[in-house]
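Here is the naming used below: chain letters follow the sequence lines, and residue numbers restart at 1 for every chain.
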Amino acid sequence: MRYWLMKSEPSDVSIDDLAKLPKQTIDWYGVRNYQARNFMRDLMKVGDLAFFYHSNCDVPGIAGVVKVSQLAYPDRFQFQKGHKYFDPKSTPENPRWLNVDVTLVKKTNLLSLKELREFKALENMRILQKGNRLSITPVSEDEWKFIEKYLK
DNA sequence: GCCAACGTTGGC
DNA sequence: GCCAACGTTGGC
């Protein structure tokens, strides 16, 4: 199994929003980057764990843990004309965008980006590299275990 | 709201 | 296939 970090803007879907959903499960819609899509399509398996990361907000950081609960399938918004995530070049026969489902494992204390940057052990973490914008990134087992110690 | 760092698009 | 122009991301 693999470990991941998945970014979500809390103004769109926060960890609390996820916790309120019926099965505490959501389709990870809206990914429109090929690298991130390929991670979902090619590498994510049911049972993989991911940090749920709040981005583009007052205090960005890790807000919880989720697990992959459904393999990648076509993103529901790519065919909806007028929708923010509509893609005219995608067809049902050959869908361009996919998403997995994730289910809440636990909400945690917020481990901020600022705090993450202070750990020497995490200096090579993908999310902390300059210019990183990818919304889904792999997390190494070492990084995962290190960070978990600081999540309550 | 600014803007650096990327990713994508499209003319050539 | 190059690369300028444009659009997006996301911390600050």
Side-chain angles (χ1 to χ4, degrees), chain A residues 2-21 25-44 48-68 72-140 142-144 146-152:
Chain A
R2 289 184 162 86
Y3 300 104
W4 306 93
L5 182 142
M6 301 172 81
K7 294 180 190 172
S8 181
E9 301 194 8
S11 60
D12 186 6
V13 181
S14 70
I15 194 82
D16 288 326
D17 293 333
L18 178 59
K20 282 178 206 148
L21 291 174
T25 296
I26 192 165
D27 51 326
W28 204 262
Y29 61 81
V31 169
R32 295 294 180 269
N33 170 285
Y34 291 106
Q35 227 183 319
R37 178 205 65 182
N38 293 349
F39 283 145
M40 288 197 282
R41 184 189 63 188
D42 303 332
L43 296 178
M44 279 194 182
D48 280 5
L49 292 169
F51 293 128
F52 189 105
Y53 180 94
H54 282 174
S55 73
N56 205 9
C57 54
D58 283 354
V59 187
I62 292 170
V65 175
V66 297
K67 67 176 181 223
V68 175
Y73 60 96
D75 179 307
R76 63 191 157 119
F77 291 123
Q78 64 193 312
F79 309 124
Q80 293 186 18
K81 220 169 195 170
H83 192 277
K84 175 184 175 186
Y85 291 124
F86 175 65
D87 184 346
K89 292 178 183 167
S90 188
T91 63
E93 296 73 35
N94 189 20
R96 178 179 288 199
W97 305 112
L98 306 173
N99 59 242
V100 297
D101 286 350
V102 301
T103 300
L104 183 68
V105 173
K106 60 181 175 182
K107 178 186 171 176
T108 65
N109 55 309
L110 191 107
L111 186 57
S112 71
L113 176 61
K114 184 168 176 294
E115 291 170 290
L116 291 170
R117 287 195 190 286
E118 285 167 4
F119 293 121
K120 176 83 171 152
L122 299 178
E123 64 183 355
N124 293 322
M125 199 177 171
R126 195 81 173 263
I127 189 86
L128 303 179
Q129 303 311 303
K130 187 178 179 184
N132 162 74
R133 292 192 339 192
L134 207 53
S135 64
I136 297 177
T137 48
V139 172
S140 76
D142 286 347
E143 289 163 350
W144 182 275
F146 182 88
I147 291 170
E148 266 221 316
K149 292 185 295 186
Y150 294 90
L151 298 178
K152 296 173 202 78

Asker: Under a 3.5 Å cutoff, is there a donor and acceptor pairing between the side chains of A:E9 and A:S55?
Answerer: no
Asker: What is the distance, to the nearest angstrom, from the CG atom on A:L134 to the C1' atom on B:dT8?
Answerer: 15 Å
Asker: Respond yes when some side-chain nitrogen or oxygen of A:K130 is under 4.0 Å from OP1 or OP2 of B:dA5, and no when none is.
Answerer: yes
Asker: When the distance from CD1 of A:I127 to P of C:dT9 is rounded to whole Å, what number comes out?
Answerer: 14 Å
Asker: Expressed in angstrom and rounded to an integer, what is the separation of A:Q129 atom CD from C:dT9 atom P?
Answerer: 21 Å
Asker: Please name the pair of heavy atoms, one in A:R2 and one in A:D48, separated by the smallest distance, quoted to 0.1 Å.
Answerer: N-OD1, 3.0 Å
Asker: With under 30° as parallel and over 60° as perpendicular, where do the rings of A:F119 and A:F146 fit, or are they tilted in between?
Answerer: perpendicular
Asker: Ignoring backbone atoms, establish whether A:Y53 has a side-chain N or O less than 4.0 Å from OP1 or OP2 of C:dG11.
Answerer: yes
Asker: To the nearest Å, how far apart are A:N33 CG and C:dT9 P?
Answerer: 9 Å
Asker: Verify whether one side chain among A:Y73 and A:D101 offers a donor that lies under 3.5 Å from an acceptor in the other.
Answerer: yes
Asker: A:Q35 CD to B:dT8 P: how many Å, rounded?
Answerer: 9 Å
Asker: Report yes if a side-chain nitrogen or oxygen of A:K7 is closer than 4.0 Å to either non-bridging phosphate oxygen (OP1 or OP2) of C:dG10; otherwise report no.
Answerer: yes
Asker: Between the base of C:dT8 and the side chain of A:R32, is there any donor-acceptor pair under 3.5 Å?
Answerer: no
Asker: Rounding to an integer number of Å, can you tell me how far A:H54 NE2 sits from C:dC12 P?
Answerer: 17 Å
Asker: Round to a whole Å and report the spacing from NZ of A:K114 to C1' of C:dG10.
Answerer: 18 Å
Asker: I want to confirm an ordering. Mapping A:N132 and A:K89 to their closest nucleotides on DNA chain B, which one lands closer to the 5' end?
Answerer: A:N132
Asker: Decide salt bridge (Lys or Arg N to Asp or Glu O under 4.0 Å) for A:K107 and A:D16; before the verdict, give the C-alpha distance in whole Å, the side-chain angles of both, and the deciding distance to 0.1 Å.
Answerer: CA-CA 8 Å; A:K107 178 186 171 176; A:D16 288 326; 2.9 Å; yes
Asker: Given atom CZ of A:R117 and atom C1' of C:dG10, what is their separation to the nearest angstrom?
Answerer: 11 Å
Asker: Reading DNA chain B from 5' onward, which residue's closest nucleotide shows up sooner: A:R133 or A:N56?
Answerer: A:N56
